[in-house]
Amino acid sequence: MSKIFQSVKGTKDILPDETPRWRVLEQTVHDFMNRWGYKEIRTPVFEQTDLFVRSVGKDSDVVSKQMYTFLDHGKTSLTLKPELTAPVIRAYIQYNIALSGGVTKLYYIDSLFRQERPQKGRLRQFQQFGIEAIGSPHPEQDAEVITAAYRLLQELGIRTMTLKLNNIGNKSSRVRYRDVLIEFLSDHLDRLSKTSQERIKTNPLRILDTKNPEEQTILEKAPHILDFLDEDDRKHYDEVLTYLDQLGVPYEQDHQLVRGLDYYTRTTFEIISPKLGAQDALCGGGRYDDLVEDLGGKPTPAIGFAAGIERILLAMDEKNMDSLEPAPRIYLAAASESARSTIFKLGIDLRNAGLFVDFDILYRSLKSQLREANRLNCVSAIIIGEDELIEGVAQVKDLQSGEQTPVDLDTIADYFLP
RNA sequence: GUGGGCGUAGCUCAGCAGGUUAGAGCACCUGGUUGUGGCCCAGGAGGUCGUGGGUUCAAGUCCCAUCGCUCACCCCA
């Protein structure tokens with residue numbers, strides 16, 4: 001007896017009855033991006049580990065405990081990508097994509113990997129689609145990206161969702177806020193969780209999005225980051241809000257929305273769905289005006305988002321998913337052993353002629369073959385047996401009405417072709 | 001890494017306080033139609049009750065361990 005293998009914990013097979021939903025979703029994304037002027041980019045599944053350490057941040061959870069890292073040839077440290085912005089920006093810099101001028105608008109649909117305990121809406125290998133708009137610092141760009149996320153989710157059939165929005169300022173305003181926050185939290189140190197106490201040193205802002213009720217009550221009195229924005233940040237934020245109002249995109253301001261990746265500046269946002277469990281973010285993103293430079297490129301502002309496909313599929317209200325249902329088929333059935341090879345060759349020929357046909361390859365009884373035809377939802381069956389071989393005809397049976405008509409074998413393709 | 005729930009047929013599940021050959025529905029196969037599907041009827045195949053150990057005259061049922069799944073914490077899509 002041999003071991004039965006299972007898919008690895010946190011990974012999922014997408015079985016044939018689910019793939020149509022995926023294909024509809026992917027097609028919708030491609031069409032949408034095309035309309036909005038974003039070009040597809042595909043990057044390798046792994047990158048040098050350092051790319052993520054330097055972009056996402058070494059104290060982030062993603063880098064500190066969730067990466068699938070291995071040594072290539074025993075020396076180079078590589079990592080299965082745990083997020084997609086850094087690789088895209090890496091490629092952007094590497095190929096000087098900026099040289100083609102203007103704002104570089106890229107999108108992707110891709111797998112990523114994080115070593116976490118799986119739960120509803122969270123897998124170790126999961127898929128996202130997302131966009132990166134590189135080159136413009138202006139609020140219109142923020143509004144475009146956020147609106148794109150919102151509208152695309154709507155187009156995918158998400159009915160109820162909440163867009164949460166914040167501005168975490170530029171580097172220097174954030175440092176000012178950071179200090180004040182640390183001071184505030186220090187007064188409540190004993191009531192903070194262990195991780196939060198740790199985080200005061202590493203990344204105090206992250207304490208803001210805790211779910212711990214005790215910490216939440218403390219934070220109610222904490223200073224707001226919005227009060228520490230400088231004039232430019234403030235103006236930028238207000239203009240983004242104004243544009244969203246004008247575009248009819250509903251949002252909620254959430255001054256505690258911080259997000260776990262270190263590269264964000266100014267605008268951060270998240271779209272959550274009530275149909276999910278604890279992991280309710282369908283989409284998250286924000287501006288990252290320093291990342292391109294941090295990764296060795298010229299100083300270039302940018303903003304993007306990423307959305308979790310598995311989560312969207314969970315949150316989606318069932319809609320027109322039948323658009324990719326298999327087209328009607330013709331089933332070829334052998335009524336005698338002698339007809340089998342004729343059926344087989346004819347079947348392949350008809351496929352070559354462009355018809356959608358199937359036939360038995362298990363030497364099953366005629367009865368089983370017709371049952372199969374029915375199961376496959378075939379429109380008609382072509383039945384050939386001893387008599388038909390002699391006469392050079394096939395019985396074409398309409399599976400709806402049950403009517404049967406003899407058709408010349410030589411002309412059978414024409415009979416079905418329009 | 002921590003905690004809760006669950007593991008019985010391909011699927012969804014039942015199995016009363018432990019008691020003889022472990023059930024249902026759907027799916028599957030065969031026959032009713034000696035070459036013709038769907039509906040109906042009759043029959044059939046399919047389970048070492050996740051795995052290992054223990055308690056007991058007797059374990060799917062109780063206990064322990066282990067593996068797996070799942071939800072939640074942490075964090076994120």
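Hydrogens, waters and symmetry mates are skipped; everything else that's a heavy atom, side chains included, is used. Because the structure is predicted, anything quoted here is derived from the model rather than measured. Per chain, numbering begins at 1; letters A, B, ... match sequence-line order.
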Produce the list of close N/O pairs, under 3.5 Å, pairing protein atoms with atoms of nucleotides 65-75 of chain B; give distances to one decimal.
residue	atom	partner	partner atom	Å
C69(B)	OP2	K9(A)	NZ	3.2
C71(B)	OP2	K120(A)	N	3.0
C71(B)	O5'	K120(A)	N	3.4
A72(B)	OP1	A278(A)	N	2.9
A72(B)	OP2	Q119(A)	NE2	3.1
A72(B)	OP2	K120(A)	N	3.4
C74(B)	N3	R122(A)	NH2	3.3
C74(B)	N4	Q119(A)	OE1	3.3
C74(B)	N4	R122(A)	NH1	2.8
C74(B)	N4	R122(A)	NH2	2.1
C75(B)	OP1	R199(A)	NH1	2.2
C75(B)	O4'	D61(A)	OD2	3.4
C75(B)	O3'	R206(A)	NH2	2.6
C75(B)	O2	E116(A)	OE1	3.4
C75(B)	O2	R122(A)	NH1	2.5
C75(B)	N3	R122(A)	NH1	3.2
C75(B)	N3	Q279(A)	OE1	3.0
C75(B)	N4	K211(A)	NZ	2.9
C75(B)	N4	Q279(A)	OE1	3.2
C75(B)	N4	Q279(A)	NE2	3.0

Counting any heavy atom closer than 4.0 Å, what does A306(A) reach on the DNA or RNA strands: base, sugar-phosphate only, or nothing? sugar-phosphate
C1'-based separation of A14(B) from A24(B) [nearest Å]: 7 Å
P-based separation of G1(B) from G10(B) [nearest Å]: 32 Å
Does this structure show an ion pair linking D142(A) with R287(A), if we count only N-O contacts that are shorter than 4.0 Å? yes
Please identify each residue that fulfils ring-ring contact (aromatic ring centres under 6.0 Å, His included) with Y288(A), with sequence neighbours left out. Y263(A)
Would you please name every residue forming a salt bridge (charged side-chain N to carboxylate O under 4.0 Å, His left out) with E239(A), sequence neighbours left out? K235(A)
Set of salt bridge (charged side-chain N to carboxylate O under 4.0 Å, His left out) partners for E215(A), sequence neighbours left out: none
Hey, are K81(A) and E83(A) close enough for a salt bridge, meaning a charged N less than 4.0 Å from a carboxylate O? no
For nucleotides C26(B) and C41(B), find the distance between their P atoms and express it as a whole number of Å. 10 Å
Residue pairs involving residues 161-191 of chain A (criterion ring pair (Phe, Tyr, Trp, His ring centres under 6.0 Å); sequence neighbours excluded): Y177(A)-F228(A), F184(A)-H188(A)
In chain order, what residues pass the salt bridge (charged side-chain N to carboxylate O under 4.0 Å, His left out) check against D280(A), with sequence neighbours excluded? none
Could you work out the separation of U20(B) and A65(B) based on their P atoms and round it to a whole Å? 29 Å
Figure out the CG/C1' separation between L15(A) and G10(B), and round it to whole Å. 13 Å
Looking only at atom C1', what distance separates C6(B) and C49(B), rounded to whole Å? 14 Å
Hits for ring-ring contact (aromatic ring centres under 6.0 Å, His included) against H236(A), two or more places apart or cross-chain, chain-then-number order -> none
Which residues satisfy the ring-ring contact (aromatic ring centres under 6.0 Å, His included) test with F113(A), sequence neighbours excluded? none
Taking the P atom in each of A22(B) and U12(B), what is the distance between them to the nearest angstrom? 23 Å
Please collect all ring pair (Phe, Tyr, Trp, His ring centres under 6.0 Å) contacts where either partner lies in residues 365-386 of chain A, sequence neighbours excluded, each pair once. none
Can you tell me, in whole Å, how much space there is between the P of U51(B) and that of G60(B)? 11 Å
When rounded to the nearest Å, what value does the distance between C1' atoms of U34(B) and G38(B) take? 23 Å
Fill in the dot-bracket string of RNA chain B, one character per base: . for unpaired, | for a pair to another strand, ( ) or [ ] for pairs within the strand, taking Watson-Crick or G-U pairs under 3.5 Å. (((((((..((((.....[...)))).(((((.......))))).....(((((..]....))))))))))))....
Just jot down the salt bridge (charged side-chain N to carboxylate O under 4.0 Å, His left out) partners of R364(A), sequence neighbours excluded, or say none. D360(A), E372(A)
Strictly under 3.5 Å: I want the nitrogen or oxygen pairs between protein and nucleotides 31-39 of chain B, one per line.
residue	atom	partner	partner atom	Å
G35(B)	O6	D387(A)	OD2	2.4
G35(B)	N1	E388(A)	OE1	2.9
G35(B)	N1	E388(A)	OE2	3.2
U36(B)	O2'	K397(A)	NZ	3.0
U36(B)	O2	K397(A)	NZ	2.6
U36(B)	O2	Q404(A)	OE1	3.1
U36(B)	N3	Q404(A)	OE1	2.7
U36(B)	N3	Q404(A)	NE2	3.3
U36(B)	O4	Q404(A)	NE2	2.9
G37(B)	N7	K397(A)	NZ	3.4
G37(B)	N1	L399(A)	O	2.4
G37(B)	N2	N374(A)	OD1	2.9
G37(B)	N2	L399(A)	O	2.5
G37(B)	N3	N374(A)	OD1	3.3
G38(B)	O4'	N374(A)	ND2	2.9
G38(B)	N2	L399(A)	O	3.4
G38(B)	N2	Q400(A)	O	3.3

